[in-house]
Q: 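Sharing a structure, written as structure tokens. Questions coming.
Within every chain, numbering begins at 1; the chains are lettered A, B, ... in the order of the sequence lines, protein sequences first and strands thereafter. Every value quoted in this text rests on a predicted model; they were computed, and no experiment measured them.
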Amino acid sequence: MRMLQIHSDGFSYEAKRKALKNAEEVKEKSYNTEDSCLVNFIAAETTDAKNVNAAIKATSEMIANAADEVKEKNIIVYPWVHLTESPSKPSVALKLLKGVEKDLKERGFKVVRVPFGWYKAFRLHCKGHPLAERSKVLDISKEIAKTADVDVTEGEDLTALVAEEKSTSEFFIMDPSGKMTPVKEFKYAKHKELELYVNYETAKDRTAQEPPPHIELMRQLELVDYEPGSDAGNFRWPPRGLTLKKAVEERVTAEMVDYGAHVVQTPLIYDYQHPSLKSYLQRFPSRQYVVRSGDKDYFARFSACFGQFLLISQALVTYKQLPLKLFEIAPSYRREQSGELAGMRRPRAFTMPDIHEIVADVEMAKTAVNNQLVFVTKLMNELEVTYEVSFRILRSFFDENKEFVEGVVAKVGKPVMLELFDERYAYFIFKGEWNVVDEQKKAACLGTIQIDVENGERFNITYVDAEGKEQHPLILHTSPSGSIERILYGVLEQAYKDLKTGKVPHLPLWMTPVQVRLVPVNESFIDYCVSLGKSLDKAGIRYEIDDRQQTLGKKIRSAEKLWIPYICVVGEKEKESGKLAVRRRELKDQVVMSEKELVKEINNKTSFAPKQRLLLPKMISLQPIFSREV
RNA sequence: GCCUCGGUGGCUUAGGGGUUAUAGCGUCUGCUUCGUAAGCAGGAUGUCGCGGGUUCGAAUCCCGCCCGGGGCUCCA
């Protein structure tokens with residue numbers, strides 16, 4: 001439904017002649033008032049046909065709200081098909097308009113409905129105040145997901161939401177030996193965070209007074225910040241944060257290349273009308289950004305699935321190439337409800353490392369899960385956060401593959417939460433989640449492994465089997481690390497937990513934007529620092545030089561506030577001895593070491609990560625302050 | 001999206017229907033040239049989130065909007 005609302009001084013119309021054969025029969029062909037009124041030009045759209053009653057309810061609600069805002073009691077309901085490019089059938093439109101008329105009258109408004117299906121002359125006079133001209137759009141697919149009195153008998157409209165309500169689940173803890181205990185009976189004494197995680201997932205205890213601590217930290221460390229000039233939940237990354245972001249992206253990409261992935265890049269926006277996408281989208285409530293181009297609507301992707309599925313569905317794949325892996329660092333968009341947004345835990349725009357592994361059958365899928373487990377565990381450990389693991393499994397799959405699940409849990413090596421659900425509510429039959437629990441006792445999922453039994457067929461993805469026949473594969477959806485934003489959320493919340501327990505908060509050395517800061521005692525040693533920096537450059541170590549004219553104490557403080565792990569004071573002693581006075585954050589000590597030793601120490605600790613350059617000038621005097629304190 | 005709380009120089013913040021809006025940090029200038037978490041002095045920086053209303057007068061009260069936090073919901 002699309003609607004144009006004009007708050008008018010006076011209104012009149014005159015029905016001239018029928019525009020449709022089945023135009024409404026009317027007694028009064030004209031109407032005239034000089035009273036003020038709210039004129040609503042309304043176009044019913046094809047989507048409204050899915051649930052006319054919900055459309056009526058929502059439309060009259062919009063009109064009533066608008067009328068209340070401008071303190072208007074007189075309502076004109078005017079059929080105006082030209083507002084939309086996809087009008088509904090006339091019968092639907094008439095039903096909508098009549099329903100709106102009835103509903104508004106019941107609400108106590110004085111309503112005049114202008115005849116449907118006629119060519120009409122009309123006159124109005126817009127009042128011209130700020131609320132006098134407005135347009136409204138109703139997306140009825142959203143309402144269908146919400147409203148109870150919907151007929152969901154047409155299979156295509158069955159949403160995941162509705163299916164999930166029907167599905168029943170049981171929750172267990174499975175320990176590495178395979179022993180299963182209902183979550184309420186498990187002894188959590190040695191597994192406090194698992195208890196918090198289970199509480200969050202089952203009891204849904206979600207009260208918090210304070211804002212999540214990572215939000216203040218991400219700004220103080222100048223990693224990422226809100227962008228008031230964008231949509232809510234879209235963030236900007238100043239160079240320090242971008243350095244970290246790229247370091248993580250490169251790290252995950254390297255691991256995926258080692259795993260044998262084909263690295264690709266696919267478009268950000270997709271056609272609503274594409275047949276495969278259409279049926280995929282209909283499984284879910286609409287949470288997409290819409291992009292209008294020309295006269296068509298596109299949606300911004302909410303994961304890399306579409307692009308990769310479309311790419312591989314048009315590729316020639318043989319069984320010899322399976323398992324086949326496609327990987328992408330996928331900037332993605334989900335238009336979460338405004339009240340759901342929370343810093344880096346839940347943004348609307350995020351960067352998702354996403355791998356899809358195409359396998360022939362369940363056996364190959366199980367092998368793939370075991371292989372993927374290795375890198376997910378490795379990457380999660382590299383984040384230096386504590387995490388809890390859970391598996392959500394279709395009960396029939398679990399019953400048939402109990403040994404496999406036990407093997408997986410044994411590999412995880414600690415008790416995990418197990419959810420068994422009776423009815424499949426999404427595309428997966430098996431889903432592993434690696435979650436962090438934050439200071440607010442809320443959980444968020446980072447890494448995930450899912451076995452998808454639906455989309456191979458939906459996207460017509462095929463491979464040629466040994467007999468030369470085309471087969472639909474199963475697909476594993478996996479984010480090895482979770483989104484970069486969630487990772488940052490995880491490491492900052494972990495740092496805050498450390499801070500509260502008396503430990504030194506830190507970012508993992510391999511991803512921290514600046515690994516070394518050289519601090520000359522006065523400006524006469526800046527040149528020497530520059531020459532020291534040349535060998536750090538060669539070693540691929542990220543550093544900067546505090547060339548500001550400030551006291552040493554202040555420069556140290558400045559570096560500490562940014563959690564820089566190695567702070568090197570450079571003065572006469574260092575220049576003469578060729579050694580460095582190094583203040584190590586992790587060990588809270590001060591040691592004298594040669595530059596070579598320092599490089600060796602850092603390289604040993606970060607050997608697994610690709611070298612990422614620092615994405616800003618090294619001289620601090622040249623760096624503007626984006627959001628850090630000093 | 002609904003409910004709720006908030007928005008005062010770049011940051012943190014005082015104040016609150018009535019003269020030129022408070023302070024600290026940062027920034028700039030000068031002095032200081034310093035050895036491991038804040039050297040000294042002086043200067044500049046505010047459409048008090050935006051728009052409308054009430055009022056002789058609004059940062060302050062009212063309404064709408066934007067942005068953020070929390071709750072509900074949601075998390076493909």
Q: Applying a 4.0 Å non-hydrogen cut-off, can you work out what A:A232 is touching in the nucleic acid: base, sugar-phosphate, or nothing?
A: sugar-phosphate
Q: Are the ring centres of A:F309 and A:H477 closer than 6.0 Å?
A: yes
Q: Out of B:rC72, B:rU33, B:rU27, which nucleotide sits closest to the side chain of A:Q549?
A: B:rU33
Q: Which listed nucleotide (B:rG35, B:rU36, B:rG69) is nearest to the side chain of A:P212?
A: B:rG69
Q: Please give, in whole Å, the distance from B:rG69 C1' to A:M344 CE?
A: 15 Å
Q: Strictly by Watson-Crick or wobble contacts shorter than 3.5 Å, is anything paired with B:rC11, and which nucleotide is it?
A: B:rG24
Q: Answer yes if the side chains of A:R548 and A:S558 hold a donor-acceptor pair under 3.5 Å, and no otherwise.
A: yes
Q: Would you please confirm or rule out a distance under 4.0 Å between OP1 or OP2 of B:rG64 and any side-chain N or O of A:K71?
A: no
Q: Reckon A:Y226 has a side-chain N or O less than 4.0 Å from the OP1 or OP2 of B:rG69?
A: yes
Q: Please state whether the phosphate of B:rC74, meaning OP1 or OP2, lies under 4.0 angstrom from any side-chain nitrogen or oxygen of A:R335.
A: no
Q: B:rG35 base to A:E574 side chain: any donor-acceptor pair below 3.5 Å?
A: yes
Q: Using whole Å, report how far NE2 of A:H477 lies from C1' of B:rA76.
A: 9 Å
Q: What about A:R301: does its side chain form a donor-acceptor pair under 3.5 Å with the base of B:rA76?
A: no
Q: Heavy-atom nearest nucleotide on RNA chain B for A:V570 versus A:T551: which residue maps closer to 5'?
A: A:V570
Q: Has the side chain of A:R584 got a donor or acceptor atom that lies under 3.5 Å from a matching backbone atom of A:D589?
A: no
Q: Sticking with atom P, work out how far B:rG51 lies from B:rC66, rounded to a whole angstrom.
A: 15 Å
Q: Nearest to the side chain of A:V569, heavy atoms from C-beta on, is which of B:rA76, B:rU27, B:rU36?
A: B:rU36
Q: Considering only NZ, NE, NH1 and NH2 on the basic side and carboxylate oxygens on the acidic side, decide whether A:E544 and A:R240 come within less than 4.0 Å.
A: yes
Q: Any base atoms under 4.0 Å from A:P624, or only sugar-phosphate, or nothing? Heavy atoms, all strands.
A: nothing
Q: Using a 4.0 Å heavy-atom cut-off, does A:I215 contact any base of the nucleic acid, only the sugar-phosphate backbone, or nothing at all?
A: sugar-phosphate
Q: Using the salt bridge (charged side-chain N to carboxylate O under 4.0 Å, His left out) rule, pick out the option among A:R583, A:K554, A:R517 that qualifies with A:E560.
A: A:R583
Q: When we call it a touch if two heavy atoms are under 4.0 Å apart, what does A:G233 touch: a base, just sugar-phosphate, or nothing?
A: sugar-phosphate
Q: Rounded to the Å, how far apart are A:N522 CG and B:rU33 C1'?
A: 5 Å
Q: Once you round it to whole Å, what is the distance between P of B:rU36 and NZ of A:K588?
A: 19 Å
Q: Output the rounded distance in Å from CD (A:E340) to P (B:rU73).
A: 11 Å
Q: To the side chain of A:R219, which of B:rC11, B:rU36, B:rG68 is closest?
A: B:rC11
Q: Report the distance from atom CZ of A:F459 to atom C1' of B:rA76, rounded to the nearest whole Å.
A: 11 Å
Q: Please give the distance between the C1' atoms of B:rA14 and B:rU8 as a whole number of Å.
A: 10 Å
Q: Going by atom types alone, do A:T266 and A:R301 pair a side-chain donor with an acceptor below 3.5 Å?
A: yes
Q: My understanding is that a pair needs two contacts under 3.5 Å, Watson-Crick or G-U wobble. By that rule, which nucleotide pairs with B:rC75?
A: none
Q: Using Watson-Crick or G-U wobble geometry with both distances below 3.5 Å, tell me the partner of B:rU47, or none.
A: none
Q: Only pairs with both distances under 3.5 Å count, Watson-Crick or wobble alike; so what is the partner of B:rG30 in this structure?
A: B:rC40
Q: How far, in whole Å, is B:rU45 from B:rA21 if one measures between their P atoms?
A: 12 Å
Q: Would you classify A:E629 as touching base, sugar-phosphate or nothing, given that sugar-phosphate means primed atoms plus P, OP1 and OP2, and contacts are heavy atoms under 4.0 Å?
A: sugar-phosphate
Q: Distance check, C1' atoms only: B:rC40 and B:rG52, in whole angstrom units.
A: 50 Å
Q: Just call it for A:Q220: base, sugar-phosphate, or nothing, with non-hydrogen atoms closer than 4.0 Å on any strand.
A: nothing
Q: With both distances under 3.5 angstrom, what nucleotide forms a Watson-Crick or G-U wobble pair with B:rA58?
A: none
Q: Could you go through A:Y333 and A:F302, starting from their C-alpha distance and side-chain angles, then the distance that decides it, and tell me whether this counts as ring-ring contact (aromatic ring centres under 6.0 Å, His included)?
A: CA-CA 5 Å; A:Y333 295 84; A:F302 45 84; over 10 Å; no
Q: How far does the P atom of B:rC75 sit from the matching atom of B:rC5, given to the nearest Å?
A: 28 Å
Q: Applying a 4.0 Å non-hydrogen cut-off, can you work out what A:G553 is touching in the nucleic acid: base, sugar-phosphate, or nothing?
A: sugar-phosphate
Q: Measuring centre to centre across the rings, with the benzene-like ring taken for any Trp, is A:F306 within less than 6.0 Å of A:Y270?
A: yes
Q: Which nucleotide, in any strand shown, forms a Watson-Crick or G-U wobble pair with B:rG35, with both distances under 3.5 Å?
A: none
Q: When the C1' atoms of B:rG49 and B:rG9 are considered, how many whole Å apart are they?
A: 14 Å
Q: Nearest heavy atom decides the nucleotide; on that basis, is A:F428 or A:L341 closer to the 5' end of RNA chain B?
A: A:L341
Q: I want to verify a distance call: between B:rU27, B:rU36, B:rA76, whose nearest atom is closest to the A:R548 side chain?
A: B:rU27
Q: Does OP1 or OP2 of B:rU33 have a side-chain N or O of A:Q550 closer than 4.0 Å?
A: no
Q: Could you tell me how far B:rA59 sits from B:rG1 if I compare only their P atoms? Round to whole Å.
A: 30 Å
Q: Does A:S338 have a side-chain nitrogen or oxygen under 4.0 Å from the phosphate oxygens OP1 or OP2 of B:rG1?
A: yes
Q: In whole Å, what is the span from the CD atom of A:E523 to the P atom of B:rC34?
A: 10 Å
Q: On a plain distance test, is the side chain of A:Q288 in donor-acceptor contact with the base of B:rA76 below 3.5 Å?
A: yes
Q: According to a strict under-4.0 Å criterion, is A:K554 in side-chain N/O contact with OP1 or OP2 of B:rG26?
A: yes
Q: Which value, in whole Å, describes the distance between the C1' atoms of nucleotides B:rC48 and B:rU12?
A: 16 Å
Q: Determine, for A:E193 against A:K441, whether the closest basic-nitrogen to carboxylate-oxygen distance falls under 4.0 angstrom.
A: no
Q: Would you say the side-chain atoms of A:H506 and A:E586 include a donor-acceptor pair closer than 3.5 Å?
A: no
Q: Could you let me know what B:rG6 is paired to, Watson-Crick or G-U wobble, both distances under 3.5 Å, or none if it's on its own?
A: B:rC67
Q: So which nucleotide from B:rA76, B:rC75, B:rU36 ends up closest to the side chain of A:Y200?
A: B:rC75
Q: Quick one: label A:K555 by what it contacts on the DNA or RNA (base, sugar-phosphate, nothing), any heavy atom closer than 4.0 Å.
A: nothing
